[in-house]
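Just below is one structure, and these are the notes that go with it.
All residue numbers refer to positions in the sequence shown, counting from 1. Any value given below was found using the heavy atoms of this structure, including those in side chains, with hydrogens, waters and symmetry copies removed.
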Amino acid sequence: MSAKGGGTALTRRNYRLSSDTDKPRATGIVNEKLLSDYLHHVFPSSKQGPAVASLRKPLSFQDLGAHLERLLSEGEPTEDSRDQAAEGRLGPQPVVLDHTSGFEGLLFVDDDLLGVIGHSNFSSIRATTCVFKGKWAYEVLISSQGLMQIGWCTLNCRFNQEEGVGDTPDSYAYDGNRVRKWNVTTTNYGKSWAAGDIVSCLIDLDEGTITFCLNGQSLGTAFTNIKTGPGVAYFPAISLSFKESVAFNFGSRPLRYPFSIDGLVNPPATDLTKAQKLLGYIKNVLSTAIDTQEERLVEKECAVWRLHGEPTVLITLAHIFNHFAPLMCKVYLVEDVLMNFLLGILEGGGSVDEHPLIQQLLDLFWLLMEDYEVNECLKQLMMSLLRAYRFSPIIPDLGFQIHYLRLTTAILHHEKRVVSLTNGTFDVLRSVVFFYIKTPLRVKEAGLEELIPTTWWPTHFDKEGKDEREPKDESADERLRRRAYERGCQRLKKRIEVVEELQVQILRLLLNNKDKTTGEASRYIFLNKFRKFLQENASNRGHPTALCPPEYMVCFLHRLITAVRTCWDEGNRKSPGSIRNEEAYVPPQLFYNGKVDYFDLQRLGGLLSHLKKTLKDDLASKANIIIDPAEIQTTSMDDLDEDEESGAAQRPFGAAAMGGALARPSWLSSPTLGRANRFLSTAAVSLMTPRRPLTQPEKVKVRTLTVEQRTEEDIEGSHSNDGLLLGRPLEEPDQPIADKSLLEIVDGIVMMYNLSVHQQLGKMVVVSDDVHEYAVALKDTEEKIARCPARRPDILEELQKSQKVFAEKLNHLSRRLAWINATIYSKEKMLDVYWLLCVCIRTIEHADNTGSLFAFTPEFYLNVAMNAYSALKNYFSPANSMEELPGYEETLTQLAAILAKHFADPRIVGTDIKDSLMQALASYVCYPQSLRAVERIPEEQRVAMMRNLLAPYEQRPWAQTNWILVRLWRGCGFGYRYTRLPHLLKTKPEDANLPSLQKPCPSLLLQRHMAQLLSMDKDMAASFLNSVLNQLNWAFSEFIGMIQEIQQAAERPERNFVDTRQLKVCATCFDLSVSLLRVLEMTVTLVPEIFLDWSRPSAELLLRRLAQLLNQVLNRVTAEKNLFDRVVNLRLPGLESVDHYPILVAVTGILVRILVDGDRQGTSRAASVLLSDPCFQLHSIQHLLGEGGGRKHFSLHAYTDYISEEEKQKVELMLAFLTEESKQAAASTAPTSEEDLCPICYAHSISAIFKPCSHKSCKACINQHLMNNKDCFFCKATITGVEDYSKPASS
């Protein structure tokens, strides 16, 4: 910007009045003596003392420039001293990472050449500068706590993918992941590091030692007597494994922990001295007032200074800023001088509003500095605050974090915030760091021992091994400990809430939509940057280096939800007709009107281009939107062009193309955070953004804009424009919801949860699981100590050592868990996730009402609804319970209705989302509360759900629906009430890791719907049961085939290992067989007439098929010394669920139902069919009760805990009935000649004749054949009918 005015030596913005030399008094400038005193007071000479004060020359604005130059030049270092400082160092300045030749493996290097991330097995890189004499230090900012070796190496060191820094003779490294030091050999050293720590690497080449420090605390001398002398020089170096990332500070910024040792980069000593002097002069101006009445200077507090426009003061400051402004564009000076000065202003505590001085100083910056200088200065200031916040150690009161956040808030309070946001000073992509609260890995250093002096962990567990929330038999001592621990947790939570409140304040400033001055309001700038952030993370799912770390996402999501809900409520108060934030949802038109970019994310109905073609008529009729036919044709070609362009933009170049050190595309994983993203600068335009106006002029005119081009009007709309809500369908109520910008942010929050938040919530549960495991181990150890005999002091000593280790570990983990519960799993965070779940449910319901346009809904809405419910149920307990959530039961019912309706919704085409819906429904019916929710949905929806579950199993994934039916039945079946597999509890009762099932919770209501459907719809019943029998035949045959292979492998003399995958498939086939048998048991119990009422078509055939399969299963499992027995006795890991009990009890349940519980006619029919099957063997039935044969084998009598007396009596009745029936059948059956047997099965007599060809077989064979084929067995003629056949009596 050109300078204004003229006159004095000011070359920058000039605020001096043109007449100041002629008429100083008239323009408000004080008299010469007072002005001279003022200027001498503001700019004291270093040689000035009380004696010479009276002899000093008068000073005016004409002389001030020269006077200031003279003061600033005093004490400048000479050339010799500058050269001397560099002695002992060799290499270019500034020092950076050597990305041209000094690396091994594949790495991503930041644009500033200070941040690096590993992209191969074990990559190494060194700096461009080495040292050979003196003491030197550099710092490494740890971004990820994985496997890295940091230290020093010589030029002769050769690294590869297996050996890095510290693995060769002349390299030395510290590894905080494994807590070791490395120099060819390795020994224990130091402490474990965590993300957010700073490692200082110190080398003393005069003494020959290397030392490492962690967060300013020395870890002790790591190496002594290192090789020194002519030709030996050491480079800073690092080796790091895949995805690990760090950033180096060689001294281009102030070292956080300087240790009075030089960094490898010379600090800008001259500029630093000047900046400190100029800052001193500014402080003098702030603390001095001119009393023009009494013509004297008055000392006052800096904090109360105001910019009143006094010319004397302004011209004085203009001279200072003439020198100060250029210095404030340098990162070292901003961090060392300006940031510390501003932090000092805030040190008094109190709210940010109580420190107006910062606002006054920012006014000065905008007034007296060029715009580009202010922007650069504020950008560097924000980056310095970001680094300082991210790499501050955790202390008990979180003082560092609070300090940096308060200054950030104060800066953003300034009215020029919008300009800063527009110019990228506060970039959303980088600023996510401000909303993160890191979890301390080292509890002691974080002060948690003082904050939570008493630790506690659960010691009472229920039968399933889960800890009880408030056990009844808790001792007084345990209760006191628990309450003391809870008080400590509350203290910690209150401190964390202070930080969270500041973070929310920052977001509320960014979401302000009323601060529009010259450009857009803050909210719209934030929204567009936020969308860009989502695009970068959504488009790089396979590129982990480009993603925001999930732990940052979790914190950002919670703060954003809090801020958005507050803004929503404020808008609701101003517009009383709009809905409250508790009823928030995203209207469906956002998904199809092209106003919001969903990148390449999948829609429920498939690809967007496909939906535009197939649903263009529905869009026109329902949403008043017409798709241009030319656009549909060009969509696919445009996408190809875009792919080529973005691919070209993303191709590496130079060393990168040859597999070298790539320019890293990550916006955040570098701790420096100072970068322009090379790879991702060209954002792909989404299919969702139409390339031409969507409709004809007479319908709706749509503007096509990229995210960056959108304005407030494009988002919020105007009188003639609905903005984001263009194309409202008739089903959608015409009611104001909220500011449209908030709707898009809510949509982004849902997407963010889907990207990585849910995954992270599941990951952090590990700490709680560890506490549980150690608590169980400690309790077990204490019980063993109590039982240990006095004669074995050696065992007692070992047990006591274990007890001490477990107790120490639990002390550490319980404090760490308190932190995690406060930051991630608190009640407030649970309410956030619950709010998100409700938003998704309401959004899906509104989208569903649009009919075919539901297909445009992004898949992630259904995913988030299912995952958020899963998180609430599994991750937030036992500290918080879902039952305490407001409207909990109604929400469960709404989600149940969504799952029941959409798991078989033809509008949903994605295989993955269909599977997810099916699994969610299967999980839903496992638990009593959610199952009751399914029972509460309208009857019409329940019946439709059961109809979909009973559809034939062919041509679709049937295993999941079969599990769902089994879970509706478990608890009603024969001996089917167990939560642990009974045979395992008999063989390994002490094993706590056995597979565990949910407690049975059958649904009689849904069973009744199933019975009604099967009894009324005869065709559906027949096709459903045929498919179940087919799948049972397949699953059991596969199982038998696989156990044959396993047995053969086990019998070979050479040592063989059975493939674990094969064992898993084998166990799955067995479990499927059992579950299919249970579905048959449920069907035969609820609707016995399907098999026993032979007036129904296919009833007899179904009964014969059932009998055939039951006999096969019984014979295979109960035969003497059979294959099944031998494999079960091998006790192979992975085949724990394979045993006699599950499958034999399921078969017994079916047999009891058709042979004992039915009416006389039905039981006699069932018995005759069963006995007529050639595979029937009575000893298989006797085997169930342990009868027959002298050897010890399976018997139902052994499972008294799982089979009731009544059930056993029924089995005995069944055995007696079959024994009697088989005797009668044997007596009444006349010997059959071979000619009279069915030529197909040779098991039954000929009983059917085919028309027209007159060939013959038994009824069972022809009926089964006709299900799939209409041709005759023998002559291939088409069969038109089948008649009963009886052999004519012989003459």
Side chain proximity check, L338 to L333, heavy atoms < 4.5 angstrom: no

Looking only at the side chains, is there a donor atom on one of Q62 and S60 sitting less than 3.5 Å from an acceptor on the other? yes

Presence of salt bridge, K133 and E87, under 4.0 angstrom: yes

I'd like to check the ring-ring contact (aromatic ring centres under 6.0 Å, His included) partners of Y332; sequence neighbours left out, ordered by chain and number. none

Can you tell me how the ring of F435 sits relative to the ring of F556, calling it parallel under 30°, perpendicular over 60° and tilted otherwise? parallel

From the list L317, L71, T316, side-chain contact (heavy atoms from CB on, under 4.5 Å) with Y281 holds only for L71

Out of curiosity, L90 CG to L264 CG, how far, rounded to the nearest 0.5 Å? 11.5 Å

Among residues at least two apart in sequence or on other chains, which ones pass side-chain contact (heavy atoms from CB on, under 4.5 Å) with R70? H67

Side chain Y404, main chain L343, donor-acceptor under 3.5 Å: no

Please report the interatomic distance CD(E299) to OG(S287), rounded to the nearest 0.5 Å. 5.0 Å

Minimum heavy-atom distance between F235 and A127, given as atom pair plus value: CD2-O, 3.3 Å

Evaluate the side-chain proximity of L39 to F61: yes if any heavy-atom separation is below 4.5 Å, no if none is. yes

Can L72 and H323 be said to form a side chain to side chain contact (heavy atoms under 4.5 Å, CB included), step by step? CA-CA 9 Å; L72 292 176; H323 298 274; 3.7 Å; yes

E347 and R406 ion-paired at < 4.0 Å: no

Residues two or more places apart in sequence or in another chain: which of them pass ring-ring contact (aromatic ring centres under 6.0 Å, His included) with F324? F321

Minimum heavy-atom separation for D206 and D204, please, with both atom names. N-OD1, 3.0 Å

Nearest-0.5 Å distance, CD1 of residue I345 to CG of residue L407: 8.5 Å

Are the charged groups of D271 and K330 less than 4.0 angstrom apart, N to O? yes

Is it true that, when you exclude F400 itself, more than 12 heavy atoms of the residues, nucleotides or ligands shown sit nearer than 6.0 Å to its CZ? no

What is the distance from atom CG of N512 to atom CG of L412, rounded to the nearest 0.5 Å? 11.5 Å

Give, for atom NE2 of H40 and atom CG of L35, the distance between the pair rounded to the nearest 0.5 Å. 9.5 Å

Carefully, step by step, assess E335 and R256 under the rule salt bridge (Lys or Arg N to Asp or Glu O under 4.0 Å). CA-CA 10 Å; E335 194 164 318; R256 180 69 68 88; 5.7 Å; no

Side chains of Q505 and H413: do they bring a donor and an acceptor to under 3.5 Å? no

